[in-house]
Amino acid sequence: MCMYDVIIIGGGPAGLSAAINLKIRNKEFIWFGADAGSVKVEKSEKIANYPGLGLIRGADLNERFRQHATELGIAPTDKMVTNISKLKDKYMVLADNEIYEAKAILLATGVVTAKGFDQEADYVGRGVSYCATCDGMFYKGKTIAVFCGDKRYEHEVEYLAGIAEKVYLYPGYKDCQVSLPNVERLLSPIKAVAGGLKIAQVRLADGSEIAIDGLFVLRGAIAPTTLLPGLALEGPHIVVDRELATNLPGCYAAGDCTGRPYQIAKAVGEGNIAAHSILDYLAEQAKAS
């Protein structure tokens, strides 16, 4: 297993800015994010406050970001990070059922706007999962519910349908293309999960309940404290100091996840600061070893 200097989580402007600076300083890192870059940037009609670019469409700025990364020979790895663990002087990251290790970590995940289901966090590891390939085989021949938050996760729903006996699916978007004999589309949204030591049912917004053995939540992002237990938050935002260090040694955060203003220029600047703070942290750790 390769030990990286840094793992960057988040494919937006903050993650890109940090990746650029770490690449220039010849650090070994892996950068997790979507191939398409930032959806938020892509959907921006016009951006007027990024110095030096004048008025620019979000799609055009996103393309410039991708070109810059390509010129430096860096690209995001399109895998979903579902868990981070702190072990002494390193971090272990689980992404699509593979484990990666690094001396430091940067969270550039943006703000998780989707509200979790009632008691969802209470059942993580007890029937609630965020990774189909990681945990799917535990539900072979069983009954599961799946929340699919984006069309790009439909292949994971189909994967789960090939394992489970019955799948209750609620897509959080229009025009879902999943159509399989053992997949039943829920007409009412999932509101809550319930059970005892393990999950036993999902409760729907219409008041009905469905008995299940497990729930797979396929969203584009996971709440920071679910991703990394022990991380200090203030509301939905990760608490950082001026060096963008969190309360956990070797863990830094940058971009929208650290708070307002939710601006691209701010995210890029914080990605730069976080990268240099990480460089200082790595140098201190090297001296101490």
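As the structure is a prediction and not an experimental result, all values here were calculated from the model.
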Pair E284-K287, salt bridge (Lys or Arg N to Asp or Glu O under 4.0 Å): steps then yes or no: CA-CA 5 Å; E284 290 173 4; K287 288 179 182 178; over 6 Å; no

Minimum heavy-atom separation for [X] to [Y], with atom names?
| X | Y | result |
| --- | --- | --- |
| A254 | G271 | CB-N, 3.8 Å |
| D135 | S129 | OD2-OG, 2.5 Å |
| L282 | A104 | CD2-CB, 4.4 Å |
| G15 | W31 | C-NE1, 3.9 Å |

Is any side-chain heavy atom of [X] closer than 4.5 Å to a side-chain heavy atom of [Y]?
| X | Y | answer |
| --- | --- | --- |
| T225 | L233 | yes |
| C251 | L107 | yes |
| I210 | Q201 | no |
| I47 | L55 | no |
| L231 | L248 | yes |
| I9 | I105 | yes |
| I7 | I84 | no |
| T246 | V239 | no |

Keeping the roles fixed (side chain from [X], backbone from [Y]), state whether a donor-acceptor pair exists under 3.5 Å.
| X | Y | answer |
| --- | --- | --- |
| S44 | G58 | no |
| S277 | I273 | yes |
| R126 | G196 | yes |
| N182 | V167 | no |
| D213 | T143 | yes |
| D96 | M80 | yes |
| K266 | G259 | yes |
| D150 | Y153 | no |
| N21 | S17 | yes |

So does [X] pair up with [Y], basic N to acidic O under 4.0 Å?
| X | Y | value |
| --- | --- | --- |
| E154 | K151 | yes |
| K166 | E184 | yes |
| E165 | K142 | no |
| K46 | D60 | no |
| D256 | K40 | yes |

Would you compute the distance between atom [atom1] of [X] and atom [atom2] of [Y] and round it to the nearest 0.5 angstrom?
| X | Y | atom1 | atom2 | result |
| --- | --- | --- | --- | --- |
| L218 | H155 | CG | NE2 | 9.0 Å |
| D5 | K103 | CG | NZ | 4.5 Å |
| L61 | I56 | CG | CD1 | 5.0 Å |
| N62 | Q67 | CG | CD | 11.0 Å |

F147 and Y170 aromatic ring geometry - parallel, tilted or perpendicular at 30°/60° bounds: parallel

Side chain to side chain donor-acceptor pair (under 3.5 Å) involving K90 - partner list, sequence neighbours excluded: E101

Cut-off 3.5 Å, side chains only: do [X] and [Y] have a donor facing an acceptor?
| X | Y | result |
| --- | --- | --- |
| D280 | H276 | no |
| Y130 | E120 | yes |
| T258 | E270 | yes |
| Q263 | N49 | yes |

Test side chain to side chain contact (heavy atoms under 4.5 Å, CB included) applied to Y252 and V6, step by step: CA-CA 10 Å; Y252 297 78; V6 190; over 6 Å; no

Side chain to side chain contact (heavy atoms under 4.5 Å, CB included) between V93 and S85, worked out: CA-CA 7 Å; V93 170; S85 301; over 6 Å; no

CD (E28) with more than 12 external heavy atoms under 6.0 Å: no

Lys/Arg cation over aromatic F117: R219, 6.0 Å, 45° cone: yes

NZ or CZ of K79 within 45° of F32 ring axis and under 6.0 Å: no

Aromatic ring proximity Y91/Y100, centre distance under 6.0 Å: no

Transitive ILVMFWY side-chain link L106 to L228, under 4.5 Å: no

Ring pair (Phe, Tyr, Trp, His ring centres under 6.0 Å) involving Y262 - partner list, sequence neighbours excluded: H237

Of I190, V146, I144, the residue whose pairing with L215 passes side-chain contact (heavy atoms from CB on, under 4.5 Å): I190

